[in-house]
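Worksheet: one structure, shown below.
Keep in mind that what you see is a predicted model, and the values were worked out from it rather than measured. First the proteins, then the strands, lettered A, B, ... as listed; each starts at 1. Quick note: numbers below take in every heavy atom, side chains included, and nothing from hydrogens, waters or symmetry partners.
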Number of protein chains: 2
Amino acid sequence: MQNRNIASTFAKGLAVLGAFDGSAPVLSLAEIARRSSLDRAVARRLVLTLVDQGFVQSDGARGYRLTPRVLRFAGGYLGGRQVGRLVQPVLDRHAARVGAPISMAVLDGHDVLLLAQSTLQNSVVTFGFTLGSTLPLLHTSLGRMLLAMRPSEIAAELLATAPLQGRTPEALTDRRLIRAEVDQARSAGLCIARAQLEAGITGYAVPTGPEAVIGLSRAQGLGHDAQDDQAAIKALQLCAAELIQTGAV
Amino acid sequence: MQNRNIASTFAKGLAVLGAFDGSAPVLSLAEIARRSSLDRAVARRLVLTLVDQGFVQSDGARGYRLTPRVLRFAGGYLGGRQVGRLVQPVLDRHAARVGAPISMAVLDGHDVLLLAQSTLQNSVVTFGFTLGSTLPLLHTSLGRMLLAMRPSEIAAELLATAPLQGRTPEALTDRRLIRAEVDQARSAGLCIARAQLEAGITGYAVPTGPEAVIGLSRAQGLGHDAQDDQAAIKALQLCAAELIQTGAV
DNA sequence: TGCAGATTGTGCGTATATCGCACATATGTG
DNA sequence: CACATATGTGCGATATACGCACAATCTGCA
């Protein structure tokens, strides 16, 4: 059809693989076909191919689920960038110091995509978000910071098209107000978002390189404590400086 | 060709994606074609498809590298299994108690595939291994434990065919001796491997469910300290018991 | 500088793998 | 029990992927 340099069957297969987005652990053929906008027969053959290759397993009946083998792709990315060796220890060390988990993320499509996440025992805010999971672009400090780092045309385009996914009464629903927040993040070089995604949670983000940001969340005490903000931002900036030094990502 | 229910183009595309295995961050077309055993022209079209879909980016010249978007597949798996919410906190808590990072792994092909890894500030042994990376099956405690958990025909098959990748003078090179270690692991329900992969490092592993194992590594002091072994195994068993309770993986 | 070997870009005829409809069967829902 | 929805699969038509072949480009070495 379109371009002789694009293998459409492969593209469709990737869409099938992408249908397993984590929102449901097990999918039926009909569900897969719907999510990937493919003919059922086509989706079926592609799923069977994935089963044959060991990336998906059938539960005997009409359920299909990813196998751990899909993690190899992530391993290819993370290993190539040496994330485990260079980035993770830095995140862990600063997370321990500041007392909150630190995440690294990039922009991917209309989402914030988590690249790495320091873990921390006894962390009050138990994320539940892991590597490869996504967060809303417009209602997180990470997302707004990422927007601020893009060229203005691209940022404007994303601001206009990304879905509004705020989940709190305080969440901004006017894209112009979000734009103002993004502009402020751009000039300040950091972003603070209060209660946009989870009630009582404040998110902080700073850039680390041209593509990536790091951030942390913490429970908002009674009244905005400027000292808390200061400490969180300072910790992130130190961490970012160290990450930039390593040159990874 | 073979089976009308298998889309060969998609299978080839997956082979191309798998060519990015983390051993080199950036690959040329010729290298990709070689690794995936495909005709150069075919590999090229498949890579261009990956670029079109945003999973690979070209560095302008003749270099191709994965984009973070491939992590979405990992996110689909991890999110579906709720690894971030159910598994990670348990690993972190026990790792902090025992003072060493704990990894969870499954068997995938001829490799140990890392599913999750607790991080720990100030850990002496800095792994460098991350989620999705692989370890040798025959020369790690994790791998031998996984072998011990498989039906004997499958274990025998893997024992005979998996590559010998020991990297120390003490590493076993006789498959029969490794088989004896696996047999012992099966009857004991745990596995200890000394200096098989890294000199001076001892690995410990115990099962957690029918498919997965958890393990940790620590530097071997002078002389085998039975108390250290005891402590490591005990910690892993407690951790495994808790993981089995959660029902994840 | 110049040559040899390797890598890359791509056009094109042909064989065939893929598409997607359509029908039959299975499942499950009120 | 009937209706709605999901699944398995055969098949003809055709879009599509294959892979050779040639040209352009790059890389290293003498």
(request) Using atom CZ of B:Phe10 as one end and atom P of D:dA17 as the other, report the distance to the nearest whole Å. (result) 14 Å
(message) Rounded to whole Å, how long is the line connecting atom CZ of A:Arg35 with atom P of D:dA6?
(response) 13 Å
(message) Both B:Leu46 and A:Leu29 contact DNA chain D. Which one's nearest nucleotide lies toward the 5' end?
(response) A:Leu29
(request) Could you check how far CG of B:Leu48 sits from C1' of C:dG11, rounded to whole Å? (result) 15 Å
(message) Less than 6.0 angstrom separating the ring centers of A:Phe10 and B:Phe55, yes or no?
(response) no
(request) Could you tell me whether the phosphate oxygens of C:dT18, OP1 or OP2, come under 4.0 Å of any side-chain nitrogen or oxygen in B:Thr9? (result) yes
(message) Looking at B:Thr168 and B:Ala195, would you say the former's side chain and the latter's main chain have a donor-acceptor pair under 3.5 Å?
(response) yes
(message) Taking 4.0 Å as the cut-off, does a side-chain nitrogen or oxygen of A:Lys12 come that near to OP1 or OP2 on C:dT18?
(response) no
(message) Closest-nucleotide mapping onto DNA chain D: is B:Asp39 or A:Glu31 further toward the 5' terminus? I mean the 5' end.
(response) A:Glu31
(request) Give a yes or no answer on whether the side chain of A:Arg186 reaches the backbone of A:Met149 with a donor-acceptor pair at less than 3.5 Å. (result) no
(request) Measure the distance from CG on B:Leu27 to C1' on C:dT7 and round it to the nearest whole Å. (result) 14 Å
Give me, pair by pair, the N or O atoms of the protein and of nucleotides 9-11 of chain D that are less than 3.5 Å apart, along with how far apart they are.
from	atom 1	to	atom 2	distance (Å)
D:dT9	OP2	A:Arg44	NH2	2.9
D:dC11	N4	B:Arg4	NH2	3.3

(message) For the backbone of A:Ala193 and the side chain of A:Ser141, can you confirm whether one donor and one acceptor N or O come within less than 3.5 Å of each other?
(response) no
(message) Nearest to the side chain of B:Val42, heavy atoms from C-beta on, is which of C:dC19, D:dG19, C:dT8?
(response) D:dG19
(message) Between A:Glu242 and A:Arg93, is there a side-chain heavy-atom distance shorter than 4.5 Å?
(response) yes
(request) Kindly say if B:Ser8 contacts the phosphate of C:dT18, meaning a side-chain N or O under 4.0 Å from OP1 or OP2. (result) yes
(request) Would you mind reading off the distance between A:Arg62 atom CZ and D:dT7 atom C1', rounded to a whole angstrom? (result) 8 Å
(message) Is it the case that the side chain of B:Thr67 and the backbone of B:Gly54 share a donor-acceptor pair, with hydrogens and angles ignored and the cut-off at 3.5 Å?
(response) yes
(request) Output yes when a side-chain donor or acceptor of B:Gln196 lies under 3.5 Å from a complementary backbone atom of B:Glu170, and no otherwise. (result) yes
